[in-house]
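Computed from a predicted model, the values in this text were never measured in an experiment. So that the names make sense, note that chain A is the first sequence line, chain B the second, and so on, each numbered from 1.
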Amino acid sequence: MTATPVAALIQERFPQVAGRPSGDWPAFNVPADQVLAVLRTLRDEAGFDVLTDITAIDAGLGHSPRFTAVWHLFSTTGHTYVRLAAACADAARPAVPSATGLWPAANWHEREAYDMFGIAFAGHPDLRRILMWDGYPYFPLRKDFPLAGLETVLPDAEVAAETAAKVQAAPLMGGPFVAPPGTTMDEAEPRAGDQSWTEREEKPR
Amino acid sequence: MATEYTFPDSGAKTAAAAPGSEKMTISMGPSHPSTHGVLRLQLELDGEVVTAADPVVGYLHRGDEKIAENMTYNQFVPYTDRLDYLAPLANNVAYAIAVERLAQLEVPPRCQAIRVLIAELARISSHLMGLGAFGIDVGAWTVFLYTFTEREKLYKLFEELTGARFTTSYTRIGGLARDVPDGWPGRVGEFCDQFLPRLEETLALLTRNRIFLDRTAGIGVISREDAIAYGLTGPNLRASGVPLDLRKDRPYCGYEQYEFDVPVGTKGDCYDRYLCRGEEMRQSVRIIRQVLKNFPGGDWFARDARRIFAPPKDKILTSMEELIQNFMLVTEGPQLPPGEVYFEAENPKGALGFYVVSKGGGVPWRLKIRSPSFCNLSILPKVCVGAMLADIVSLLGSLDFVMGECDR
Amino acid sequence: MVSANAELAYNSKIEGDVVVSRLDAVINWIRTNSMWPMPMGLACCAIELMAVAAARFDIARFGAEVMRFSPRQADCMIVAGTVTYKMAPQVRRIYDQMASPKWVIAMGACASTGGMYRSYAVLQGVDRIVPVDVYVSGCPPRPEALLDALIKLQAKVSREPAARQLFRA
């Protein structure tokens, strides 16, 4: 860990917390069961009184741990940020504790992380989808979910029956055509993502 | 459609309905003139008084963050325009700075000055729109027309600079799309000179207007503790008495060189939020004038960023190495090192944050957009309770949110 | 822009107080010159829609400045912005609630075809759930482009067999 006052405080109170490589602010990898204690210490003793963001990162299928929840805190007095990351132990049913008891701001951020990744926040009073509609069956920001989406029914049964419209995969014509991240220059040539050929034609085999 | 709607607990005190009366559940939005876009407010009413409110957002969720994982960093710039579409230049600037932080790239002073200039012009544009929409929601038609006239002048400036009236896509990673045209800074100065008296005229329509005061003073009070606890930022936070402005407290892009004041409110009601925005526009003009007075010359892009910013066009068309460099940049994107950064900029709506996680290469692994409007709206379940239905309209207008940013 | 109306001709010396014309002409003249839009303002295009209603581009010249958010009182729904799958049923419901005759202008790239948002959440074109009469391209379209679309819609409406539709039970 870099030597900052907040790092010293965390190191002293929570010896199991490790530093996390970060481009800017102090960042820590916290075991999921200690997250609430670390957040509370940062809020009450280190002056990080604003919860500015909660999000998650999906490392991809096959990585373990797959899902990592990330919290960003801000201090109105010191004007600095701190980042906490906690890995979810189970990739099939990812869960971390909910910070709604510490900040009411956590409520909507955690609903969004649940909606996009399927991470359950234990202790959240009202964990339901916020950006997609309630019956949507998938978690869109997971790496195994295609950008074009998967077919499902429209949220409203009456309108679906009247117009015969469905939620269809967007016609990406073999795209998105992009260089895969995290590759070296020779393998970084943009390749077709091969998602949803068009809605009228299947992808030629 | 379900007839029973259960409202989640919002932490606000709700009163039981008067004996013999029933509460009514209505859905305000998503298609509603006063919800500023596609916000749906599920309201439970006891007569005219709201006893519970549950905002339903996501009607404009377009999948920006997923799209970002499939685009190069420069290809994503047009999507940042459409986040807070009332101040697209400010979003462009915030995104470019965030990605440049990951690359640990410093842009030269001219580029920084131009970015400050366009961010402040965008702030004026956004606050004018917020003012106009707020006015028209509480019934003041003239304010809307006056502010839109001024916005049209700003659009003319933006169009001359970037080619588009408001979806500008002007910044690139490591610089800008092009330099400012000749004479443009002079025209910005002329705009500022004629804008201040017009602004006073427009604000004078509302500031001591009896009807406006009745509709906004003491309405929608957000306490200081609530504002911090719910993650409010921007004029909403400052109106509640918290003197936090990222341009002053955590300066970026050369803001530390400019002198300006930050308006802070006392009561945290709708009227304070309106006053804060009005004053911020005056301070923005002050910053713009300082930038124009000391407008630096020199490069408008980072010159030593070979794998991040495209070389000059004339070199691309004549020299092999620059041609290859341009080809790699366009197809694979600006090559950034692996790592993660989080950067928040003081946008007109609040603190717009970008959390960029990169595994190397030209495409981000994860891009999280921390939206100020999303956080500002999360306080609605608490603040709406006890207000009358007409006050909800004032409250929504004073919070000045944008659904494009909230839902991404 | 507006061509001479050859349908309505009146000479007071011959007709006196009686005006003879085709019923279609009169009905379409009334409809086109007071086309009240229902602004389905969803995203950025809504801002350009507001700019059209404001002083510089002034849609009031065409009789359409009365932006009625109540679908019962509107003639033309201008879908301005990205239609997501979550919002699509509401757009259809509002279209259904509009009284005939009604028309739809799909304003902008997102409403016409999904625009640059080829993703899981965006309906690729509002014509998948409502029938569209005029498409306007642009991201966002300039206000002049929207006025051009309104004029094209007026031209389309003036060719409709209005009398037959009215008297069909």
*Is C:Glu48 salt-bridged to C:Arg142, cutoff N-O under 4.0 Å?*
no

*Under 4.5 Å, counting heavy-atom pairs only, tell me which of C:Ala54, C:Pro39, C:Gly81 racks up the most with chain B.*
C:Ala54

*Where on B:Glu159 is there a heavy atom nearer than 4.5 Å to chain C: the side chain, the backbone, both, or neither?*
side chain

*Do B:Tyr155 and B:Phe166 have ring centroids that are under 6.0 Å from one another?*
yes

*By side chain to side chain contact (heavy atoms under 4.5 Å, CB included), which residues pair with B:Asn376, not counting sequence neighbours?*
B:Leu232, B:Thr233, B:Asn236

*Pick from C:Ala88, C:Ala51, C:Ser70, C:Ala53: which one has the most heavy-atom pairs with chain B under 4.5 Å?*
C:Ala51

_Looking at chain B, which one of C:Phe57, C:Tyr120, C:Phe69 has the largest number of heavy-atom pairs inside 4.5 Å, strictly under?_
C:Phe69

_Segment of B:Leu60 engaging chain C (4.5 angstrom heavy-atom cut-off)_ = both

*Without swapping roles, check the side chain of B:Arg40 against the backbone of B:Tyr59 for a donor-acceptor pair under 3.5 Å.*
no

*Could you tell me which portion of C:Cys110 (side chain, backbone, both or neither) has an atom closer than 4.5 angstrom to a non-hydrogen atom of chain B?*
neither

*asked:* Need one label for C:Ile94: side chain, backbone, both or neither, based on atoms under 4.5 Å from any heavy atom in chain B.
replied: side chain

*Supply the atom-to-atom distance B:Gln75 CD to B:Ser169 OG, rounded to the nearest 0.5 angstrom.*
12.0 Å

*Is the count of non-hydrogen atoms from other residues, nucleotides or ligands lying under 6.0 Å from C:Arg61 atom CZ greater than 12?*
yes

_Taking atom NZ as the centre, does C:Lys152 end up with more than 12 heavy-atom neighbours from other residues, nucleotides or ligands that are less than 6.0 angstrom away?_
no

*Sidechain N-carboxylate O distance under 4.0 Å for B:Arg277, B:Asp400*: yes

*For B:Asp407, is it the side chain, the backbone, both, or neither that has a heavy atom closer than 4.5 Å to a heavy atom of chain C?*
neither

*asked:* Between B:Leu377 and B:Leu380, is the side chain to side chain contact (heavy atoms under 4.5 Å, CB included) condition met? List the steps.
replied: CA-CA 6 Å; B:Leu377 281 177; B:Leu380 277 181; 3.5 Å; yes

_Heavy-atom contact with chain C under 4.5 Å, split by part of B:Arg62_ = both

_Contacts with chain C made by residues 118-130 of chain B (heavy-atom distance under 4.5 Å), listed by residue number_ = B:Met129

*asked:* I'd like to know whether the aromatic ring centres of B:Tyr79 and B:Tyr95 sit less than 6.0 Å apart in this structure.
replied: no

*asked:* Does anything in residues 78-109 of chain C form a ring pair (Phe, Tyr, Trp, His ring centres under 6.0 Å)? List the pairs, not counting sequence neighbours.
replied: none

*Taking NZ, NE, NH1 and NH2 as the nitrogens, is one of them in C:Asp133 or C:Lys156 under 4.0 Å from a carboxylate oxygen of the other?*
yes

_Heavy-atom cut-off 4.5 Å, strictly under: side chain, backbone, both or neither for B:Pro88 against chain C?_
neither

*Contacting moiety of C:Met67, where chain B heavy atoms sit under 4.5 Å*: neither

_Point-to-point distance, once rounded to the nearest 0.5 Å, from OG of B:Ser373 to CG of B:Leu352_ = 9.0 Å

*Do any N or O atoms from the side chain of B:Arg198 and from the backbone of B:Gln194 form a donor-acceptor pair under 3.5 angstrom?*
no

_Donor-acceptor under 3.5 Å (B:Asp137 side chain, B:Val393 main chain)_ = no

*What residues of residues 142-149 of chain B sit under 4.5 Å from chain C when only non-hydrogen atoms are counted?*
B:Phe144, B:Leu145, B:Phe148, B:Thr149

